[in-house]
Amino acid sequence: MDAYQSVGIRRRMKRFFRRDGRALIFAMDHGFEHGPTDFEEHWEHVDPRIIMRKVVRAGIDGVMMLPGVARLAVDELKPDTGLMIKLTSKTELRPKDDQLLQSQLGFVEDAVKLGADAIAATVYWGSPQEDVMMRQFAEIASYAHDLGFPVVQFAYPRGPYINERYGKKEDYRVVMYGARAAVESGADMIKTYWTGSKETFAKVVEAAAGVPVLLSGGAKTDNPVDFLKLVWEVIEAGGAGAVVGRNIFQRENPEPFIKALLKVVHRNEDPEEAAKAEGLL
Ligand SMILES: O=C(COP(=O)(O)O)[C@@H](O)[C@H](O)[C@H](O)COP(=O)(O)O
């Protein structure tokens, strides 16, 4: 017989992943992590209730937020929208070198009180502060698992040594290393960078050995089809979907874009066809 916690973890994973094992998740931690200027292109989206209403209406599978934003916006979610609460972050107000550390800003209990379905924390692998984030992740994961909650690791290689050794943090060898480190440290889902090609991202997926790998969206592309193409490659590479922020909330009308993304993620639809069907082309 399974332990109660294992059942809880399996059930909660299903709140994000459909039967195809894929998910499209909306990210909104930018007001803290990048600052409110990220919302300037479409300022009404600085209010999490407004953008959350739109993404839920478009059919998003899950959302990711810090605890305080969740408190403002969870009433906009459907009962079956997966809620991922992230417990670590950093501001861009810190001195540059100190931005290589994500600090804990909330506790597993807070996520439980908010009705979370998964708990997330970042590790900047290779950072001079790696040890602090490893311990932070271990504490969060151990307690969350005890309570039956899946844990998501934002596994981001980052820091001067990464640049020196690999040239850039998106080199597939180091992204793959971060994903593997996430698996070995007990993550149930991984969110990481795009490596630049389907072939290299497939290596990251393989290194994760069955733990779902989600793309971390990145900066908004001017042409929406370019981002749809990128996500299509992630899916073709065996990725489990994407966690997307700016490509959604920096668009004036995010709903058709989300619908097109859902077609790519869940139906492997051709990006241009999906864009046409949603009136984006
Ligand atoms: O990981 C994050 C930021 O990463 P960053 O330090 O900007 O590389 C999260 O704050 C975002 O939620 C995540 O990047 C997804 O949002 P977008 O990148 O799609 O905007």
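Read the numbers this way: they start at 1 and go in the same order the structure lists the ligands and their atoms.
- At distances below 3.5 Å, at least one donor-acceptor pair connects side-chain atoms of Asp117 with backbone N or O atoms of Leu83.
- Partners of Ser103 according to the side-chain hydrogen bond (donor to acceptor under 3.5 Å, both in side chains) rule, which considers only residues two or more places apart in sequence or in another chain, are Arg94.
- Remark: Lys54 pairs with His45 by the side-chain hydrogen bond (donor to acceptor under 3.5 Å, both in side chains) rule, at least two apart or across chains.
- A 4.5 Å side-chain heavy-atom check between Ser127 and Pro157 finds every atom pair outside the cut-off.
- Aromatic pair Trp125/Tyr156: ring centres not closer than 6.0 Å.
- The contact shell of ligand 1, taken as protein residues with any non-hydrogen atom closer than 4.0 angstrom, comprises Ala27, Asp29, His30, Glu33, His34, Met64, Tyr156, Arg158, Lys191, Ser216, Gly217, Gly218, Val243, Val244, Gly245, Arg246.
- Summarising the hydrophobic clusters (Ile, Leu, Val, Met, Phe, Trp, Tyr; side-chain heavy atoms under 4.5 Å, direct or chained), the residues clustered with Val7 are none.
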